[in-house]
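Note that the structure is predicted; figures quoted are calculated from it, not measured. Each chain gets a letter, A, B and so on, in the order its sequence line appears, and its residues count up from 1. Side chains are part of it too, since the values below use all heavy atoms of this structure and drop only hydrogens, waters and symmetry mates.
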Number of protein chains: 2
Amino acid sequence: MTGNSTRERIIEVADRLIYERGYEHTSFADIAAGVKISRGNFYHHFKTKDEILDTVIERRLMTTRHLLDEWEMTGETPAARICCFVRILVTNRTKIMQFGCPVGTLAGELTRLGHRSSTRASALFSLFREWLCRQFEQLGRAEDADELAMELLAWSQGVATLASALRDEAFLEREVERMCEWVKTGKENVPCGKELD
Amino acid sequence: MTGNSTRERIIEVADRLIYERGYEHTSFADIAAGVKISRGNFYHHFKTKDEILDTVIERRLMTTRHLLDEWEMTGETPAARICCFVRILVTNRTKIMQFGCPVGTLAGELTRLGHRSSTRASALFSLFREWLCRQFEQLGRAEDADELAMELLAWSQGVATLASALRDEAFLEREVERMCEWVKTGKENVPCGKELD
DNA sequence: GACAGTTTAGGACGAATGTCCTAATTCCTA
DNA sequence: TAGGAATTAGGACATTCGTCCTAAACTGTC
């Protein structure tokens with residue numbers, strides 16, 4: 001039951017593999033090989049594959065809550081805190097370029113397959129949504145805070161998807177800057193500073 | 001070799017199933033059952049699973065080219081043509097809510113798995129990108145046309161992902177309206193018409 | 001040192017997978 | 001209409017999948 005128990009190591013490897021390969025494409029054998037235990041041992045810790053998935057999702061929810069709490073504690077301005085969120089795209093750009101956004105890909109896969117746990121996976125989005133919503137409220141946008149939160153979520157999702165598919169890391173970095181600018185100024189920094197006619 | 005040949009029917013069913021379940025999660029047996037032929041017959045038309053995938057991708061590329069050509073021929077203004085693109089989100093909203101964007105999900109899956117055909121799948125994005133680029137050029141934004149195209153692509157991708165994961169069809173419809181507004185006015189219609197401070 | 005409970009390894013299981021073979025049937029052409 | 005090519009059905013194949021069982025090894029307690 002210690003932090004480095006076999007169970008904990010299984011969850012860590014499963015978490016990584018589910019991100020890198022997707023849930024359906026991650027097998028018991030893959031995870032067991034990653035943890036370096038026998039497949040039989042596996043069943044002692046998790047009775048079904050879905051049970052691992054649920055555990056991984058709950059773990060991600062917990063990790064995300066802690067991350068958001070940390071950002072909230074930093075004492076910076078609301079705009080700066082929102083930029084913390086935006087900049088995870090840059091921080092994790094190597095993995096995002098390879099595997100996409102961990103939140104979006106899992107929620108997408110489970111929703112598409114009509115999996116029982118798709119709701120819990122999507123709850124990760126809700127976590128970010130509500131946190132962003134609070135930040136926009138503190139920024140003086142109480143009336144439309146949730147809409148702004150959804151807008152920023154969608155924006156960052158799209159950037160992750162497109163940068164990964166088109167292998168365009170410069171695009172990812174450029175868009176992160178534009179998002180931060182948008183948060184600070186409230187205006188979209190249309191490229192080249194022109195208006196569409 | 002006619003239009004309704006077995007081969008053509010296989011491609012159609014494979015196209016649909018690959019969209020609905022993803023490539024790895026679509027089996028020979030699934031497709032064969034959909035076409036109502038034996039699995040053995042299958043091998044006469046396609047030697048490997050990857051061969052079907054390639055055929056489906058090429059078919060999607062062709063279909064998309066025709067679609068874009070049609071939009072280009074309608075003789076409307078460039079802004080109206082761009083809105084044609086944006087509104088496919090609404091037109092296909094039922095399937096998008098269930099299975100996400102067909103372009104983004106396939107490109108994402110293949111990129112993540114490091115599949116040989118990921119580049120061709122991403123070429124679908126390039127098709128839209130170049131088409132949008134041309135429209136923005138005709139709209140008098142030659143210098144930053146490509147950046148605007150990427151921006152709109154990312155925006156629509158994010159909206160599809162988020163609407164599907166959070167089962168929020170109203171969000172999808174609202175964002176489509178905002179995108180069309182953005183194309184016409186060149187300004188982002190920030191919710192509630194306020195500016196961030 | 002004996003014992004109970006936990007953890008582990010190894011493998012069995014039926015089902016499903018992608019691939020491939022063979023033998024029928026259908027179709028077109030000479 | 002006869003013969004050859006194209007198409008089809010059915011199943012064999014090795015492998016992998018999630019699941020589950022059993023027996024050995026380990027752990028801590030009296």
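- With respect to the salt-bridge test (charged N to carboxylate O, under 4.0 angstrom), the residues A:R141 and A:E147 do not qualify.
- At a cut-off of 3.5 Å, with distance as the only test, a side-chain donor of A:H115 or A:D50 sits close to an acceptor on the other residue.
- Identified under the ring pair (Phe, Tyr, Trp, His ring centres under 6.0 Å) test for residues 59-81 of chain B, with sequence neighbours left out: B:W71-B:W131.
- Every pair passing ring pair (Phe, Tyr, Trp, His ring centres under 6.0 Å) that includes a residue from residues 75-101 of chain B is listed here, sequence neighbours excluded: B:Y19-B:F99, B:F85-B:F128.
- Listed in residue order, the members of residues 31-38 of chain A having a heavy atom less than 4.0 Å from DNA chain D come to none.
- Side chain of B:F28, nearest nucleotide from C:dG18, C:dA12, D:dC17: C:dG18.
- Inspection of the A:Q135 and A:E72 side chains reveals an N or O donor paired with an N or O acceptor under 3.5 Å.
- Both A:I37 and A:F28 belong to a single network of hydrophobic side chains, linked directly or stepwise wherever heavy atoms of I, L, V, M, F, W or Y lie under 4.5 Å apart.
- With hydrogens and angles left out, the side-chain atoms of A:S38 and A:N41 include no donor and acceptor closer than 3.5 Å.
- Per the geometry, CZ belonging to A:R39 stands 11 Å off P belonging to C:dA12, to the nearest Å.
- A cation-pi arrangement, defined by a distance under 6.0 Å to the six-membered ring centre and an angle within 45 degrees of its axis, is present between B:K49 and B:Y23.
- Shortest non-hydrogen contact noted between A:F46 and A:E51 is CA-OE2, 4.0 Å.
- Salt bridge status for A:D15 with A:R59: present, with a side-chain N to carboxylate O gap under 4.0 Å.
- At whole-Å resolution of the value, CZ in A:F42 and C1' in D:dT16 are 16 Å apart.
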Restricting to nitrogen or oxygen on both sides, can you table the protein-nucleotides 25-28 of chain D pairs closer than 3.5 Å?
none

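- Contact annotation: B:N41 side-chain N/O to D:dT7 OP1/OP2 distance is not under 4.0 Å.
- Remark: B:R87 engages B:E177 in a salt bridge, criterion side-chain N to carboxylate O under 4.0 Å.
- Heavy-atom minimum distance, A:M97 versus B:T111: O-CG2, 4.2 Å.
- Atom CD1 of B:I10 and atom P of C:dG18 are 14 Å apart (whole Å).
- Non-hydrogen atoms lying under 4.0 Å from DNA chain D are contributed by A:Y43, A:T48, A:K49, all within residues 43-59 of chain A.
- Two end axes, each from the C1' atoms of five base pairs, can be drawn for the helix from C:dG1-D:dC30 to C:dA30-D:dT1; they diverge by 10°, to 10 degrees.
- Between B:T6 and D:dT7 there is no side-chain N or O to OP1 or OP2 distance below 4.0 Å.
- Side-chain nitrogen and oxygen atoms of A:S27 include at least one within less than 4.0 Å of the OP1 or OP2 phosphate oxygen of D:dC17.
- Ionic pairing of A:E173 and A:R93 is present here: one or more N-O contacts between side-chain nitrogen and carboxylate oxygen are shorter than 4.0 angstrom.
- When the C1' atom of C:dT6 is taken as reference, atom CZ of A:R7 falls 14 Å away, rounded to whole Å.
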